[in-house]
Protein chains: 2
Amino acid sequence: MEDKKYTIANLAEEFQITARTLRFYEDKGLLKPERIGQNRCYSEADRVRLSWILRGKRVGFSLAEVGEMISLYDVGDGRKTQRVVTLEKCQERIKVLKSQRDDIDLTIRELEEFCIQLEALEAEEKVS
Amino acid sequence: MEDKKYTIANLAEEFQITARTLRFYEDKGLLKPERIGQNRCYSEADRVRLSWILRGKRVGFSLAEVGEMISLYDVGDGRKTQRVVTLEKCQERIKVLKSQRDDIDLTIRELEEFCIQLEALEAEEKVS
DNA sequence: ATTCTAGTTGACGTTAACGTAAACGTTAAC
DNA sequence: GTTAACGTTTACGTTAACGTCAACTAGAAT
(Lines give C-alpha, C1' and ligand atoms only; values in the text may rest on other atoms or scores of the structure.)
Protein backbone atom coordinates (compact mmCIF):
# COMPACT_ATOMS: atom_id res chain seq x y z
CA MET A 1 0.00 0.00 0.00
CA GLU A 2 0.99 3.57 -0.61
CA ASP A 3 1.64 4.91 2.84
CA LYS A 4 4.63 7.01 2.03
CA LYS A 5 5.40 9.81 4.42
CA TYR A 6 6.86 13.20 3.70
CA THR A 7 8.73 15.76 5.72
CA ILE A 8 7.94 19.42 5.38
CA ALA A 9 11.12 19.97 3.40
CA ASN A 10 10.25 17.13 1.04
CA LEU A 11 6.99 18.69 0.00
CA ALA A 12 8.41 22.18 -0.07
CA GLU A 13 11.10 20.99 -2.44
CA GLU A 14 8.80 18.92 -4.62
CA PHE A 15 6.25 21.68 -5.08
CA GLN A 16 8.71 24.55 -5.12
CA ILE A 17 7.24 26.36 -2.17
CA THR A 18 8.63 27.23 1.26
CA ALA A 19 8.07 25.48 4.56
CA ARG A 20 6.52 28.71 5.76
CA THR A 21 3.85 28.32 3.11
CA LEU A 22 3.02 24.81 4.27
CA ARG A 23 2.68 25.93 7.86
CA PHE A 24 0.58 28.82 6.71
CA TYR A 25 -1.79 26.50 4.86
CA GLU A 26 -2.04 24.45 8.01
CA ASP A 27 -2.93 27.53 10.04
CA LYS A 28 -5.67 28.19 7.53
CA GLY A 29 -6.97 24.68 8.03
CA LEU A 30 -6.11 23.52 4.54
CA LEU A 31 -3.73 20.81 5.70
CA LYS A 32 -3.64 18.71 8.84
CA PRO A 33 -0.52 16.57 8.81
CA GLU A 34 0.19 14.09 11.58
CA ARG A 35 2.71 14.93 14.21
CA ILE A 36 5.59 12.71 15.10
CA GLY A 37 6.44 14.29 18.39
CA GLN A 38 6.54 17.93 17.43
CA ASN A 39 7.36 17.49 13.77
CA ARG A 40 4.91 17.43 10.92
CA CYS A 41 4.56 14.23 8.97
CA TYR A 42 2.66 14.48 5.70
CA SER A 43 0.80 11.52 4.21
CA GLU A 44 0.08 10.80 0.58
CA ALA A 45 -3.42 12.21 1.11
CA ASP A 46 -1.88 15.45 2.36
CA ARG A 47 0.26 15.55 -0.74
CA VAL A 48 -2.79 15.23 -2.96
CA ARG A 49 -4.57 17.97 -1.05
CA LEU A 50 -1.56 20.18 -1.47
CA SER A 51 -1.50 19.71 -5.21
CA TRP A 52 -5.19 20.63 -5.25
CA ILE A 53 -4.48 23.77 -3.31
CA LEU A 54 -1.70 24.83 -5.63
CA ARG A 55 -3.67 24.07 -8.75
CA GLY A 56 -6.56 26.08 -7.37
CA LYS A 57 -4.22 28.95 -6.78
CA ARG A 58 -2.80 28.75 -10.27
CA VAL A 59 -6.23 29.19 -11.73
CA GLY A 60 -6.87 32.26 -9.65
CA PHE A 61 -8.82 31.08 -6.63
CA SER A 62 -8.13 32.45 -3.19
CA LEU A 63 -7.09 30.12 -0.40
CA ALA A 64 -10.52 30.53 1.13
CA GLU A 65 -12.15 29.40 -2.09
CA VAL A 66 -9.78 26.51 -2.47
CA GLY A 67 -10.58 25.57 1.11
CA GLU A 68 -14.23 25.47 0.25
CA MET A 69 -13.62 23.32 -2.78
CA ILE A 70 -11.52 20.87 -0.82
CA SER A 71 -14.04 20.67 1.97
CA LEU A 72 -16.61 19.61 -0.60
CA TYR A 73 -14.89 16.27 -0.74
CA ASP A 74 -14.83 15.84 3.01
CA VAL A 75 -18.53 16.49 3.32
CA GLY A 76 -19.50 13.99 0.65
CA ASP A 77 -20.27 11.28 3.21
CA GLY A 78 -22.53 13.30 5.51
CA ARG A 79 -26.31 13.40 5.74
CA LYS A 80 -28.42 13.51 2.64
CA THR A 81 -29.28 17.23 2.77
CA GLN A 82 -25.64 17.92 3.38
CA ARG A 83 -24.77 16.02 0.24
CA VAL A 84 -27.30 17.94 -1.79
CA VAL A 85 -25.76 21.22 -0.70
CA THR A 86 -22.36 19.90 -1.59
CA LEU A 87 -23.57 18.90 -5.00
CA GLU A 88 -24.98 22.35 -5.65
CA LYS A 89 -21.84 24.10 -4.54
CA CYS A 90 -19.87 21.77 -6.70
CA GLN A 91 -21.92 22.58 -9.76
CA GLU A 92 -21.62 26.27 -9.10
CA ARG A 93 -17.86 25.96 -8.95
CA ILE A 94 -17.89 24.15 -12.24
CA LYS A 95 -19.84 26.99 -13.79
CA VAL A 96 -17.34 29.54 -12.55
CA LEU A 97 -14.49 27.47 -13.86
CA LYS A 98 -16.09 27.11 -17.26
CA SER A 99 -16.69 30.82 -17.66
CA GLN A 100 -13.12 31.33 -16.57
CA ARG A 101 -11.98 28.95 -19.26
CA ASP A 102 -13.94 30.96 -21.80
CA ASP A 103 -12.20 34.11 -20.64
CA ILE A 104 -8.87 32.42 -21.10
CA ASP A 105 -9.76 31.14 -24.53
CA LEU A 106 -10.78 34.59 -25.59
CA THR A 107 -7.57 36.09 -24.28
CA ILE A 108 -5.53 33.46 -26.05
CA ARG A 109 -7.29 34.12 -29.33
CA GLU A 110 -6.73 37.84 -29.07
CA LEU A 111 -3.08 37.43 -28.23
CA GLU A 112 -2.59 34.98 -31.07
CA GLU A 113 -4.28 37.35 -33.46
CA PHE A 114 -1.95 40.08 -32.32
CA CYS A 115 1.06 37.79 -32.78
CA ILE A 116 0.02 37.18 -36.35
CA GLN A 117 -0.08 40.89 -37.01
CA LEU A 118 3.37 41.33 -35.53
CA GLU A 119 4.72 38.52 -37.66
CA ALA A 120 3.20 40.09 -40.72
CA LEU A 121 5.11 43.27 -39.97
CA GLU A 122 8.34 41.30 -39.74
CA ALA A 123 7.71 39.64 -43.08
CA GLU A 124 6.93 43.00 -44.67
CA GLU A 125 10.23 44.37 -43.41
CA LYS A 126 12.13 41.55 -45.05
CA VAL A 127 10.62 42.35 -48.41
CA SER A 128 11.40 46.04 -48.38
CA MET B 1 -17.51 57.13 -36.03
CA GLU B 2 -17.55 55.52 -32.58
CA ASP B 3 -16.32 58.31 -30.39
CA LYS B 4 -18.61 57.77 -27.50
CA LYS B 5 -17.43 59.15 -24.21
CA TYR B 6 -18.01 57.80 -20.73
CA THR B 7 -18.02 59.28 -17.29
CA ILE B 8 -16.39 57.46 -14.41
CA ALA B 9 -19.79 56.47 -13.04
CA ASN B 10 -20.84 55.10 -16.43
CA LEU B 11 -17.99 52.65 -16.57
CA ALA B 12 -18.20 51.81 -12.89
CA GLU B 13 -21.83 50.93 -13.35
CA GLU B 14 -21.37 49.01 -16.58
CA PHE B 15 -18.54 46.86 -15.25
CA GLN B 16 -19.80 46.60 -11.71
CA ILE B 17 -16.77 48.17 -10.09
CA THR B 18 -16.32 51.32 -8.04
CA ALA B 19 -15.02 54.70 -9.14
CA ARG B 20 -12.24 54.19 -6.65
CA THR B 21 -11.11 51.18 -8.63
CA LEU B 22 -10.99 53.15 -11.86
CA ARG B 23 -8.90 55.87 -10.25
CA PHE B 24 -6.68 53.21 -8.77
CA TYR B 25 -6.09 51.65 -12.17
CA GLU B 26 -5.19 55.07 -13.46
CA ASP B 27 -2.67 55.56 -10.67
CA LYS B 28 -1.13 52.26 -11.72
CA GLY B 29 -0.87 53.52 -15.28
CA LEU B 30 -3.39 51.06 -16.66
CA LEU B 31 -5.77 53.73 -17.87
CA LYS B 32 -5.22 57.29 -19.06
CA PRO B 33 -8.55 58.94 -19.68
CA GLU B 34 -8.76 62.46 -21.03
CA ARG B 35 -9.62 65.29 -18.72
CA ILE B 36 -12.40 67.72 -19.36
CA GLY B 37 -11.34 70.36 -16.93
CA GLN B 38 -10.69 68.29 -13.87
CA ASN B 39 -13.05 65.44 -14.64
CA ARG B 40 -12.11 62.17 -16.27
CA CYS B 41 -13.54 61.42 -19.66
CA TYR B 42 -13.17 57.86 -20.90
CA SER B 43 -13.06 56.98 -24.58
CA GLU B 44 -14.14 53.79 -26.28
CA ALA B 45 -10.49 52.71 -26.33
CA ASP B 46 -10.35 53.17 -22.57
CA ARG B 47 -13.42 51.03 -22.27
CA VAL B 48 -11.80 48.23 -24.24
CA ARG B 49 -8.68 48.46 -22.13
CA LEU B 50 -10.78 48.23 -19.01
CA SER B 51 -12.49 45.09 -20.19
CA TRP B 52 -9.06 43.64 -20.87
CA ILE B 53 -7.94 44.49 -17.38
CA LEU B 54 -10.97 42.90 -15.79
CA ARG B 55 -10.79 39.80 -17.92
CA GLY B 56 -7.13 39.46 -17.02
CA LYS B 57 -8.03 39.70 -13.37
CA ARG B 58 -10.77 37.12 -13.70
CA VAL B 59 -8.28 34.60 -14.98
CA GLY B 60 -5.94 35.22 -12.09
CA PHE B 61 -3.37 37.71 -13.33
CA SER B 62 -2.15 40.51 -11.13
CA LEU B 63 -2.58 44.10 -12.21
CA ALA B 64 1.12 44.26 -12.94
CA GLU B 65 0.86 41.29 -15.28
CA VAL B 66 -2.21 42.68 -16.93
CA GLY B 67 -0.35 45.94 -17.37
CA GLU B 68 2.43 44.09 -19.15
CA MET B 69 -0.01 42.36 -21.42
CA ILE B 70 -1.73 45.57 -22.34
CA SER B 71 1.52 47.36 -22.97
CA LEU B 72 2.35 44.68 -25.51
CA TYR B 73 -0.20 46.23 -27.79
CA ASP B 74 1.15 49.74 -27.37
CA VAL B 75 4.65 48.68 -28.27
CA GLY B 76 3.66 46.95 -31.47
CA ASP B 77 4.56 49.94 -33.61
CA GLY B 78 8.04 50.57 -32.26
CA ARG B 79 11.43 49.58 -33.68
CA LYS B 80 11.98 46.15 -35.10
CA THR B 81 13.92 44.70 -32.14
CA GLN B 82 11.25 46.11 -29.90
CA ARG B 83 8.62 44.25 -31.86
CA VAL B 84 10.55 41.02 -31.65
CA VAL B 85 10.67 41.29 -27.88
CA THR B 86 6.98 41.99 -27.82
CA LEU B 87 6.31 38.96 -29.93
CA GLU B 88 8.29 36.75 -27.60
CA LYS B 89 6.58 38.05 -24.51
CA CYS B 90 3.31 37.55 -26.22
CA GLN B 91 4.04 33.93 -27.01
CA GLU B 92 5.17 33.33 -23.45
CA ARG B 93 1.91 34.70 -22.14
CA ILE B 94 0.03 32.42 -24.45
CA LYS B 95 1.93 29.45 -23.04
CA VAL B 96 1.05 30.45 -19.50
CA LEU B 97 -2.56 30.86 -20.43
CA LYS B 98 -2.70 27.48 -22.10
CA SER B 99 -1.23 25.67 -19.14
CA GLN B 100 -3.71 27.51 -16.99
CA ARG B 101 -6.51 26.30 -19.17
CA ASP B 102 -5.23 22.76 -18.73
CA ASP B 103 -5.31 23.23 -14.97
CA ILE B 104 -8.87 24.40 -15.19
CA ASP B 105 -9.91 21.53 -17.41
CA LEU B 106 -8.41 19.08 -14.97
CA THR B 107 -10.18 20.71 -12.06
CA ILE B 108 -13.47 20.67 -13.91
CA ARG B 109 -13.09 17.00 -14.75
CA GLU B 110 -12.35 16.09 -11.15
CA LEU B 111 -15.27 18.10 -9.84
CA GLU B 112 -17.60 16.58 -12.42
CA GLU B 113 -16.42 13.13 -11.51
CA PHE B 114 -17.14 13.90 -7.88
CA CYS B 115 -20.59 15.19 -8.79
CA ILE B 116 -21.37 11.92 -10.51
CA GLN B 117 -20.45 10.02 -7.39
CA LEU B 118 -22.67 12.22 -5.28
CA GLU B 119 -25.56 11.73 -7.67
CA ALA B 120 -25.03 7.99 -7.55
CA LEU B 121 -25.42 8.11 -3.77
CA GLU B 122 -28.69 9.97 -4.14
CA ALA B 123 -30.01 7.44 -6.59
CA GLU B 124 -29.01 4.61 -4.27
CA GLU B 125 -30.93 6.23 -1.44
CA LYS B 126 -34.09 6.36 -3.51
CA VAL B 127 -33.94 2.63 -4.14
CA SER B 128 -33.43 1.59 -0.54
C1' DA C 1 30.59 18.05 24.54
C1' DT C 2 29.56 20.70 20.86
C1' DT C 3 28.38 21.54 16.38
C1' DC C 4 25.30 20.80 12.51
C1' DT C 5 20.96 20.02 10.51
C1' DA C 6 16.03 19.87 10.41
C1' DG C 7 12.34 21.25 12.61
C1' DT C 8 9.32 24.20 15.84
C1' DT C 9 6.44 28.54 17.44
C1' DG C 10 5.63 33.37 17.78
C1' DA C 11 5.58 37.97 16.05
C1' DC C 12 6.27 41.66 13.13
C1' DG C 13 7.01 43.28 8.07
C1' DT C 14 5.40 43.58 3.22
C1' DT C 15 2.90 43.90 -1.14
C1' DA C 16 -1.31 44.09 -3.80
C1' DA C 17 -5.71 45.79 -4.49
C1' DC C 18 -8.64 48.24 -3.23
C1' DG C 19 -12.18 50.49 0.88
C1' DT C 20 -13.31 54.36 3.43
C1' DA C 21 -13.44 58.85 5.19
C1' DA C 22 -12.34 63.90 4.96
C1' DA C 23 -12.45 68.05 2.75
C1' DC C 24 -13.34 70.39 -1.25
C1' DG C 25 -14.97 72.19 -6.26
C1' DT C 26 -18.96 72.33 -10.14
C1' DT C 27 -23.32 72.48 -12.04
C1' DA C 28 -28.38 71.75 -11.99
C1' DA C 29 -32.55 71.91 -9.43
C1' DC C 30 -35.64 73.81 -6.29
C1' DG D 1 -29.10 80.75 -2.05
C1' DT D 2 -28.69 76.40 -0.72
C1' DT D 3 -29.14 71.69 -1.26
C1' DA D 4 -28.15 67.55 -3.98
C1' DA D 5 -25.64 64.97 -7.26
C1' DC D 6 -21.39 64.05 -9.12
C1' DG D 7 -16.84 64.76 -9.37
C1' DT D 8 -11.99 65.67 -7.38
C1' DT D 9 -7.49 64.76 -4.30
C1' DT D 10 -5.14 63.21 -0.10
C1' DA D 11 -4.44 59.92 3.11
C1' DC D 12 -5.00 56.35 6.23
C1' DG D 13 -7.23 51.49 6.90
C1' DT D 14 -7.74 46.56 5.55
C1' DT D 15 -7.30 41.78 3.94
C1' DA D 16 -4.72 38.04 1.83
C1' DA D 17 -0.74 35.51 1.42
C1' DC D 18 3.04 34.93 2.58
C1' DG D 19 8.47 36.68 3.97
C1' DT D 20 11.60 37.33 7.52
C1' DC D 21 13.59 37.32 11.69
C1' DA D 22 14.33 35.49 16.56
C1' DA D 23 14.58 32.31 19.85
C1' DC D 24 14.14 27.67 20.84
C1' DT D 25 14.31 22.09 20.59
C1' DA D 26 15.62 17.51 19.31
C1' DG D 27 18.43 14.25 17.06
C1' DA D 28 22.78 12.95 14.45
C1' DA D 29 27.56 13.42 13.64
C1' DT D 30 32.26 14.53 14.85
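Every chain is numbered from 1, with letters handed out A, B, ... down the list of sequences.
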Between [N] atom [atom2] and [X] atom [atom1], what is the distance in whole Å?
X: A:Tyr42; N: C:dA6; atom1: OH; atom2: P; answer: 16 Å
X: B:Ile8; N: C:dG25; atom1: CD1; atom2: C1'; answer: 16 Å
X: A:Arg35; N: C:dT8; atom1: CZ; atom2: C1'; answer: 8 Å
X: A:Asn39; N: D:dC24; atom1: CG; atom2: P; answer: 18 Å
X: B:Leu11; N: D:dC6; atom1: CG; atom2: C1'; answer: 15 Å
X: B:Asn10; N: D:dG7; atom1: CG; atom2: C1'; answer: 13 Å
X: A:Leu22; N: C:dT9; atom1: CG; atom2: P; answer: 12 Å
X: A:Ile36; N: D:dA26; atom1: CD1; atom2: C1'; answer: 14 Å

As a quick check of understanding, evaluate side chain to side chain contact (heavy atoms under 4.5 Å, CB included) for A:Glu65 and A:Arg93, giving each step before the final call.
CA-CA 10 Å; A:Glu65 291 171 314; A:Arg93 276 274 156 238; 3.6 Å; yes
When you compare the side chain of A:Glu68 with that of A:Leu72, does any pair of heavy atoms fall below 4.5 Å?
no
Answer yes or no: is there a side-chain heavy-atom contact under 4.5 Å between A:Asn10 and A:Phe15?
no
Looking at every strand, decide which applies to A:Arg23 at a 4.0 Å heavy-atom threshold: base, sugar-phosphate, or nothing.
base
Does the side chain of A:Asp46 pick up a donor-acceptor pair with the side chain of A:Ser43 at under 3.5 Å?
yes
Using a strict cut-off of less than 4.0 Å between a Lys/Arg side-chain nitrogen and an Asp/Glu carboxylate oxygen, indicate whether A:Glu44 and A:Arg47 qualify as a salt bridge.
yes
Applying salt bridge (Lys or Arg N to Asp or Glu O under 4.0 Å), can you list everything that pairs with A:Lys5, at least two apart in sequence or on another chain?
A:Glu34
With respect to the side chain of B:Arg40, which nucleotide from D:dT9, C:dC18, D:dG7 is positioned closest?
D:dT9
Bracket string, DNA chain C, 5' to 3' - pairs by Watson-Crick or G-U geometry under 3.5 Å, | interstrand
||||||||||||||||||||||||||||||
Is there a donor-acceptor pair closer than 3.5 Å between any side-chain N or O of A:Glu26 and the backbone N or O of A:Pro33?
no
Is the phosphate of D:dC18, meaning OP1 or OP2, less than 4.0 Å from a side-chain N or O of A:Thr18?
no
Within the structure, does a side-chain N or O atom of B:Thr21 lie under 4.0 Å from either OP1 or OP2 of C:dG19?
yes
Decide side chain to side chain contact (heavy atoms under 4.5 Å, CB included) for B:Thr86 and A:Phe114; before the verdict, give the C-alpha distance in whole Å, the side-chain angles of both, and the deciding distance to 0.1 Å.
CA-CA 10 Å; B:Thr86 304; A:Phe114 181 60; 4.0 Å; yes
Counting only heavy atoms not in A:Glu13, do more than 12 sit closer than 6.0 Å to its CD atom?
no
Under 3.5 Å between N/O atoms: give me all the protein pairs with nucleotides 13-17 of chain D, atom names plus distance.
{"from": "D:dA17", "atom 1": "OP1", "to": "A:Leu63", "atom 2": "N", "distance (Å)": "2.7"}

